[in-house]
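Written out below as C-alpha cells is the structure these notes cover.
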Amino acid sequence: MSPEAPVQTTMACSQCGRPFAHSDLVLIAGTWVCADCKPAFLSRVMASGVAGANPLARRYGGFWIRFGARMIDGLIFTIPVLIIAAIFIPNLIRAARQAGRPPNAPNPALAFAFITFFVIALIVGACYEVLMLKYYSATVGKMACGLKVIRSDGRSLDWGVCFGRYAMWNLVTCGIPYINSILMLVSSIMLGVDDEKRALHDRVCDTRVIYKQA
Ligand SMILES: [Zn+2]
C-alpha cells in the first residue's frame with residue numbers, strides 16, 4: 001500500500017493558473033492561491049484596504065463580547081419602550097376606569113393598544129438592525145464593542161443578508177416559543193467551539209463577526 005493519499009483532486013491556482021493538489025492551495029479572501037503566489041497575493045489583499053478581507057488577519061468576536069453588544073442594543077431599545085409604556089399604560093387604565101368598567105372586565109382598547117405597541121416595537125427593532133448592518137456593518141452595541149459584521153469573503157452585507165441575519169436571530173432563534181431557549185443555547189455553543197466564531201445565523205447567512213481593528 002502506498003502511503004500517498006489515494007485520491008487528490010487538482011485545482012488551478014487563481015493567480016498563476018498552474019494545477020495543484022487541493023491540499024497545496026490556501027484559501028485567501030475567498031480565492032485559492034498556491035504557495036508561490038501567496039506572498040504577492042496577500043500583500044495585494046492587504047493593500048486593497050478592505051478591512052477583514054484577509055481571513056488570516058481577522059480577529060473573530062467571541063461569545064461574551066457579542067453577548068455584551070446584544071445587551072447594549074437591548075438597553076438602547078428597552079429604555080424608550082419602558083418610558084413610552086410608563087406614559088401610556090396608566091392613562092389607558094385610567095380612561096377605562098372613567099368609562100365605568102369594573103377593573104377586571106375585558107378591555108378591548110387596552111388590548112388593541114398592547115398589540116399595536118408590540119407590532120410597532122417589532123418593526124422599529126427590525127429597521128434598526130437591518131439599516132445599521134447595511135450602512136454601518138454594525139449595530140450601536142457592536143460598534144461600542146469594536147465589532148463589525150462582514151461576509152466570509154470580507155465584503156459588507158447586502159440588503160438580503162442584513163434582513164436574513166436579523167430574521168434568523170430575532171425571529172427563528174429567539175422568536176419561537178418553547179424551543180427558543182434550546183436554539184439560543186445551540187447557537188451559543190456553535191459560536192463557542194467554532195474557530196471562526198460562527199453562531200447559527202452566521203452559518204446560515206455566511207457572515208462573520210470580527211474586531212474592526214484586525
Ligand atoms: Zn500560483
Side-chain angles (χ1 to χ4, degrees), residues 11 13-15 22-77 125-126 128-170 172-174 183-214:
M11 270 179 80
C13 165
S14 65
Q15 302 305 298
H22 203 287
S23 54
D24 292 334
L25 294 170
V26 287
L27 187 63
I28 299 169
T31 307
W32 291 98
V33 185
C34 77
D36 295 338
C37 300
K38 184 180 154 186
F41 184 74
L42 260 185
S43 54
R44 209 143 18 93
V45 166
M46 307 252 225
S48 76
V50 182
N54 173 14
L56 299 176
R58 285 181 194 162
R59 271 174 62 223
Y60 295 100
F63 174 78
W64 286 109
I65 191 77
R66 288 172 62 173
F67 180 78
R70 291 274 182 197
M71 291 290 284
I72 293 169
D73 285 326
L75 284 177
I76 288 169
F77 200 63
Y128 166 73
E129 190 159 334
V130 171
L131 290 169
M132 289 299 289
L133 283 180
K134 174 64 185 153
Y135 290 112
Y136 299 98
S137 296
T139 57
V140 172
K142 282 191 168 70
M143 280 180 189
C145 294
L147 299 171
K148 66 183 280 190
V149 187
I150 57 168
R151 302 298 301 275
S152 59
D153 59 7
R155 283 177 300 147
S156 52
L157 313 190
D158 58 35
W159 286 110
V161 174
C162 293
F163 185 78
R165 200 173 188 281
Y166 164 81
M168 256 319 284
W169 169 253
N170 293 279
V172 178
T173 308
C174 303
L183 284 175
M184 285 164 80
L185 183 66
V186 167
S187 186
S188 301
I189 292 169
M190 283 171 86
L191 191 164
V193 300
D194 185 52
D195 53 9
E196 292 178 273
K197 304 286 179 213
R198 284 170 296 176
L200 183 58
H201 45 284
D202 294 315
R203 285 181 183 266
V204 171
C205 304
D206 189 34
T207 54
R208 305 288 185 279
V209 176
I210 61 167
Y211 286 93
K212 261 178 278 182
Q213 270 80 39

Closest contact, heavy atoms only, I72 versus A144: CD1-CB, 4.0 Å

Flag side-chain contact, heavy atom, 4.5 Å: L157 against S137: no

Any side-chain heavy-atom pair of C174 and M184 under 4.5 Å: yes

For S188, all residues meeting side chain to side chain contact (heavy atoms under 4.5 Å, CB included), sequence neighbours excluded: F63

Heavy-atom donor-acceptor pair, D202 side chain to A199 backbone, under 3.5 Å: yes

For R151 against S156, the heavy-atom pair lying closest together: CG-O, 3.9 Å

Backbone N/O of Y166 and side chain of N170: donor-acceptor pair under 3.5 Å: yes

Closest contact, heavy atoms only, S187 versus W169: OG-CZ3, 4.4 Å

Minimum heavy-atom distance R165-V149, with the two atoms named: NE-CG1, 3.5 Å

Nearest-0.5 Å distance that lies between atom OG in S152 and atom CZ in R203: 12.5 Å

4.5 Å side-chain heavy-atom contact, D73 and E129: no

Pairs meeting criterion ring pair (Phe, Tyr, Trp, His ring centres under 6.0 Å) with involvement of residues 128-165, two or more places apart: Y135-W159

Check: V33 main-chain N/O paired with S14 side-chain donor or acceptor under 3.5 Å: no

Nearest-0.5 Å distance that lies between atom CD1 in I150 and atom CG in D206: 10.0 Å

Heavy-atom side-chain contact between V209 and Y60 under 4.5 Å: no

Side chain proximity check, C34 to D24, heavy atoms < 4.5 angstrom: no

Result of checking R58, R59, K197 against I210 for side chain to side chain contact (heavy atoms under 4.5 Å, CB included): R58

Minimum heavy-atom distance between A69 and L147, given as atom pair plus value: CB-CD1, 4.5 Å

Residue pairs fulfilling salt bridge (Lys or Arg N to Asp or Glu O under 4.0 Å) with at least one residue in residues 30-40, sequence neighbours excluded: R18-D36

Side chain proximity check, K142 to M132, heavy atoms < 4.5 angstrom: no

Nearest-0.5 Å distance that lies between atom CG in L183 and atom CE in M168: 7.5 Å

Heavy-atom side-chain contact between W32 and H22 under 4.5 Å: yes

NZ/NE/NH1/NH2 to OD/OE distance under 4.0 Å, R155 and D153: yes

Close side-chain approach of V186 and L200, heavy atoms under 4.5 Å: no

